[in-house]
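Note that ligands are numbered from 1 as they come in the structure, with each ligand's atoms numbered from 1 the same way. Below, each value reflects all heavy atoms present in this structure, side chains not excepted, and no hydrogens, waters or symmetry copies.
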Amino acid sequence: MTNAKSNLQIDSARLWNDIHETATFGATPKGGVKRLTLGPEDKQVRDWFRKACEAAGCEVRVDALGTMFALRPGRDMSKPPLGIGSHLDTQPTGGKYDGILGTLAALEVVRALDDAGIETEMPICVCNWTNEEGSRFAPAMMASAAYAGEYTTEDILSRKDSEGITVAEALDTIGYRGADVVGQQKFSGFVELHIEQGPLLEAESKTIGIVDRGQGIAWYDGTISGFASHAGTTPMPLRRDALAAFSEVALAVEKAARDFGPNAVATIGEIRIENPSRNVIPGDLTFTIDVRSSDSKIFDRLHEAIRAAGAEIAARRNVSVAIEKIWRKEPTIFDARLVDAVESAAKDMGYSHRRITSGAGHDACNLASVMPAAMIFVPCKDGISHNELEDATQADCTAGANVLLHTVLSLAGIASSGKTNS
Ligand SMILES: [Zn+2]
């Protein structure tokens, strides 16, 4: 059995076919996928996924937020299943791999176990989490966040898209408002395979990223109030120019992230001048700051540095600068035992690997707050995702799925009374 276990591989061609077959649901002319959550194309892929899971012998359940759970029984049904999977929705200009690889690889793991006649000790649950992307309904990763208790189901069901359609209505329209209470499906742990969506693995020619941390995120809303006055008649020393002050704030935010780097990034993505006019000195403006780090202490120090810079600039320029934190999500520390299991699987399979931090948020990051969780990354071309150019090789996708398979074997265990051939 040891040999059968260590030699076991997923069916690379079958996984690759599945990735390309499901990419036809919402295919874009440029080779990407547009499959907004709970839309008609999402229904198509969900129906496909349900059928494929049932054909692989799983029972598929759906919860009140549309998350799909496909259960493959284990020998010991008193144990909660090991969860594996990701999401099947995409950005409006999405690719074929973000989320899809992790979901279809999880299905492929079940099929590979079936083909090898292996019964696991613990049951396995293949998951498709609703609305990971957040492009149609906010927040992103809403189903896993509700699962983790960050939002109530009612709150999420009432969220609206840009046309005023609620999550509840969208679920009903495609027939995916399930009967299960959110959180009813328990897990022993959760492992998510995903493309890296960053450049590190490719740059270092590594096949597997063993994700041990996820970045935390803090969002700030800023306002600067100076004094709007005539662009021609107000002498420079008398101006209280909100935009000039903002320029210093922007550079201070950039400097703070650089000073605390490489484990810190900060971005000002939005700025709005109130009542802009080419011949008026800007009086009031608002802006946003997005700060990320995988280290809570660095988070705190960035927070202090940004607030101190705002206060100093305000005093020197005689304007008011208010920078208010509106959201903070602590960094994710993935479960050491699960992370080690991923690392052992990568080593056993002979794949090059490195430890890595997830720069993006994932469902596994939400789940990590309520269960042991881990992630596996594989490279994507030029680190590009959320773009129709998103690309990954068959060899890397296969490697990731094989690492997932062997992580599952080690965590779920092979039933000693199992139907193995040995
Ligand atoms: Zn994703």
* Over-ring placement of R301 relative to F260, 6.0 Å and 45° cut-offs -> no

* To do: Assign the ring pair W129 / Y147 to parallel, tilted or perpendicular, where the plane angle (0 to 90°) is split at 30° and 60°.
  => perpendicular

* Between H362 and F377, how do the two ring planes meet: parallel, tilted or perpendicular, split at 30° and 60°? ->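 It falls in the perpendicular class, over 60°.
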
* **CZ/R355: more than 12 non-hydrogen atoms of other groups inside 6.0 Å** =>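 Counting other residues, nucleotides and ligands, CZ of R355 exceeds 12 neighbours.
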
* To do: Evaluate whether atom CH2 of W219 has more than 12 neighbouring non-hydrogen atoms of other residues, nucleotides or ligands under 6.0 angstrom away.
  =>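 Atom CH2 in W219 is not crowded, with 12 or fewer foreign heavy atoms closer than 6.0 Å.
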
* Protein N, O or S atoms lying under 2.8 Å from the Zn ion (ligand 1), listed by chain and number ->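 Metal shell, protein only: H87 NE2, D98 OD1, H194 NE2.
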
* To do: Output yes when D47 and K43 qualify as a salt bridge under the 4.0 Å nitrogen-oxygen rule, no when they do not.
  =>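 Yes, charged N to carboxylate O under 4.0 Å.
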
